[in-house]
Each structure stands twice: as C-alpha cells, then as structure tokens.
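The chains referred to below are lettered A, B, ... by the order of the sequence lines, with proteins before strands, and numbering in each begins at 1.
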Amino acid sequence: MNSITDTPESNYDMLTITEATLIQKNLREQLNLKPLQSPIRTIAGADISLSLYSETVYAGMVILSFPDLQPVAYSLVKSSTTFPYVPGFLAFREIPSLLKVYEQIPVKPDVIMFDGNGIIHKRRMGIASHFGVLTDSVTMGCAKKKLTGQYEDPGENRGEYSLLTDKGETIGYVLRSKNNVKPVFISPGHNMSLDDSLNIAMKCIHKYRLPEPTRKAHEFVNLFRTGELKEGYHEIGSLQLF
DNA sequence: GCGACAG
DNA sequence: ATCTTGTCGC
C-alpha cells in the first residue's frame with residue numbers, strides 16, 4: 001500500500017528501525033489466523049546461509065511432499081543484504097532474498113515453514129507472518145530459541161508441549177520434538193490457526209530435533225554456499241509429485 | 001539502569 | 001548465523 005513501507009526489494013536495506021517498526025504495525029492489520037481449509041500436499045522449508053563477515057546471502061526453499069516429507073524440488077538464489085541482524089527485525093534481513101527464491105518456484109507450496117517465528121513476536125510480525133502477508137501464502141514458524149513471551153517447560157518426552165503466552169494471549173507453543181532435547185518454538189505465520197501450526201509441526205518431526213522442512217532447507221542452502229548445489233529452480237526425481 | 005534478545 | 005574438536009550421555 002505505502003510505497004516506502006511495503007517494497008522490500010527496493011527499500012529494506014535503507015530502513016531505520018523506527019521505519020521497520022511502522023511497517024510491522026501496518027502488516028499486522030492484514031494478518032489472518034483462521035483455520036486452514038484446503039488439504040496440504042506440499043510443504044516448503046525456507047532458510048538462508050551466510051558466510052562470516054560477508055554480505056552475501058545464500059537463500060533457498062526446499063519443497064517436500066506431505067505428509068511423506070520427501071524433497072521434490074528446491075529453489076536457490078544468491079543475493080546480498082546490508083540490513084543487520086536485529087532481534088525482532090529478522091524479516092528485513094532475510095525476506096528480500098526469500099522473495100526471489102519464492103518467485104522462482106513455478107508451482108507454489110501449500111505451506112511454508114520458516115526458520116524463525118510467526119506471531120511469536122512483540123508485534124506479532126515475525127518473519128513467517130511478514131512473508132505470509134506480503135505474498136498471501138500459508139506460513140508458520142519454527143524457532144530454536146525464544147524471542148518473546150512466557151512459558152513453562154514442557155515435559156521431557158517427545159510430543160509434549162506447553163503454551164507460549166504474551167500479554168495474556170497465547171501466541172505459540174513450546175514443543176519437545178525429541179526426548180531430552182531443547183524444545184522448539186512453534187507459531188502460525190499467516191493464513192492458518194494456532195492449532196494448525198502445532199499439528200503441522202508435529203507431522204513434520206521425524207528423526208531429528210528440527211522438523212524436516214526446516215532441516216532440509218538448512219541443509220540445501222549450506223550445500224549451495226559451499227558450491228555443491230547451484231542457483232535456480234530444480235526438481236528432484238519426477239514421479240513423486242503427480 | 002538492567003536484563004532479554006528468532007537468525 | 002558462522003567458526004570448530006572433542007566429549008558426555010541416552
């Protein structure tokens with residue numbers, strides 16, 4: 001809507017924290033947390049990889065079939081950012097690159113899981129929510145550490161979880177993805193409910209602490225950064241999707 | 001002023 | 001996030 005506040009590819013690098021905060025407050029008004037209606041057939045993991053002290057960004061998304069969670073395609077883009085990492089403003093550093101990654105995908109995934117938060121955020125605008133509103137996609141977040149909110153430790157067994165609240169409102173879940181490991185923080189991003197995010201996250205947990213979409217995305221962008229995978233959109237195999 | 005602080 | 005080896009524990 002506002003040229004100076006909603007055009008990531010052209011202005012995010014020049015923003016001040018004050019301006020970024022205003023953008024988050026504007027985007028929040030468009031947030032939709034109603035239950036997901038359509039069935040999920042594919043889910044993508046989104047992540048970026050950086051080199052120490054470098055402005056180069058290796059961004060990517062890996063699309064997996066659902067619920068079998070087999071990688072079927074991936075999109076990689078090499079880009080750059082000057083916006084620093086500031087807690088609460090991760091989106092401004094990573095979204096411009098991820099939008100390019102997303103545009104490069106011919107058939108969009110039904111859900112996108114981010115390495116970061118959805119509404120577990122002071123202004124309910126974590127990277128997953130921000131990206132979701134910008135592209136009107138279905139998104140959710142899975143973070144490895146708490147950004148904001150309060151919670152009680154969930155039980156030590158796989159599958160146990162507790163509510164994460166902020167100002168008396170439930171904004172996410174603290175999920176024990178495996179026995180005796182640090183829990184992960186789950187929250188809806190956009191176009192799905194709080195319950196949807198937890199249900200989807202649980203279905204994406206297999207053998208490791210992090211859900212498959214996020215794990216695969218992290219693995220692929222690192223292979224991209226080390227030169228083992230190349231930029232562009234690529235399909236894996238050919239008879240998994242149809 | 002002090003503590004917290006996604007990636 | 002990234003840089004790195006060994007080490008403790010189920």
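Taking every side-chain heavy atom of Pro87(A) into account, dA6(B) is the closest of dG7(B), dA6(B), dT2(C). Closest to the side chain of Leu147(A), out of dG7(B), dT2(C), dC5(B), is dC5(B). When distances run from any side-chain atom of Lys144(A) to the nucleotides dA6(B), dT2(C), dA1(C), the shortest one goes to dA1(C).
With no hydrogens or angles considered, no side-chain donor-acceptor pair links Glu152(A) and Ser162(A) at under 3.5 Å. Side-chain atoms of Asn222(A) and Ser49(A) include a donor-acceptor pair closer than 3.5 Å.
Put simply, Ser49(A) has a side-chain N or O that comes within less than 4.0 Å of OP1 or OP2 on dT2(C). Within the 4.0 Å cut-off from OP1 or OP2 of dA4(B), not a single side-chain nitrogen or oxygen of Lys146(A) is found. Of the side-chain N and O atoms in Arg225(A), one or more sit less than 4.0 angstrom from OP1 or OP2 of dC3(C). The shortest distance between the side-chain N/O atoms of Tyr85(A) and the OP1/OP2 oxygens of dA6(B) is below 4.0 Å. The phosphate of dA1(C) (OP1 or OP2) has a side-chain N or O of His218(A) nearer than 4.0 angstrom.
The distance between the ring centers of Phe92(A) and Phe83(A) falls below 6.0 angstrom.
Taking atom CG on Leu52(A) and atom P on dG7(B), their separation rounds to 17 Å, with Å as the unit. Rounded to whole angstrom, the span from the CD1 atom of Ile127(A) across to the P atom of dA1(C) amounts to 13 Å. Between Leu90(A) atom CG and dA6(B) atom P there is a gap of 9 Å when expressed in whole angstrom units. Put simply, CD on Gln150(A) is 14 Å from C1' on dC5(B), counting in whole angstrom units. Remark: P of dC10(C) and CG of Asn157(A) are 14 Å apart, rounded to the nearest angstrom. The CD1 atom of Ile17(A) sits 14 Å away from the C1' atom of dA6(B) (whole-angstrom rounding). Here the P atom of nucleotide dA6(B) and the NZ atom of Lys182(A) are 12 Å apart, to the nearest Å. Computed from coordinates, the His121(A) NE2 to dG7(B) C1' distance equals 12 Å when rounded to whole Å.
Residue Gly141(A) is out of contact with every strand shown, counting any heavy-atom pair closer than 4.0 Å. Among the atoms of the strands shown, base atoms are found under 4.0 Å from some heavy atom of Phe89(A). Among the heavy atoms of the strands lying under 4.0 Å from Asn117(A) is at least one base atom, whether or not backbone atoms are also near.
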message: Show, in sequence, the C-alpha distance, side-chain angles and deciding distance for Phe185(A) and Tyr173(A), and conclude whether the ring-ring contact (aromatic ring centres under 6.0 Å, His included) test is met.
response: CA-CA 6 Å; Phe185(A) 301 78; Tyr173(A) 300 96; over 10 Å; no
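Nucleotides of DNA chain C nearest to Asn222(A) and Asn180(A) differ in position, and the one nearer the 5' end is that of Asn222(A).
Between Asp47(A) and Lys216(A), none of the side-chain N atoms (NZ, or NE/NH1/NH2) sits under 4.0 Å from a carboxylate O, so this pair counts as no salt bridge.
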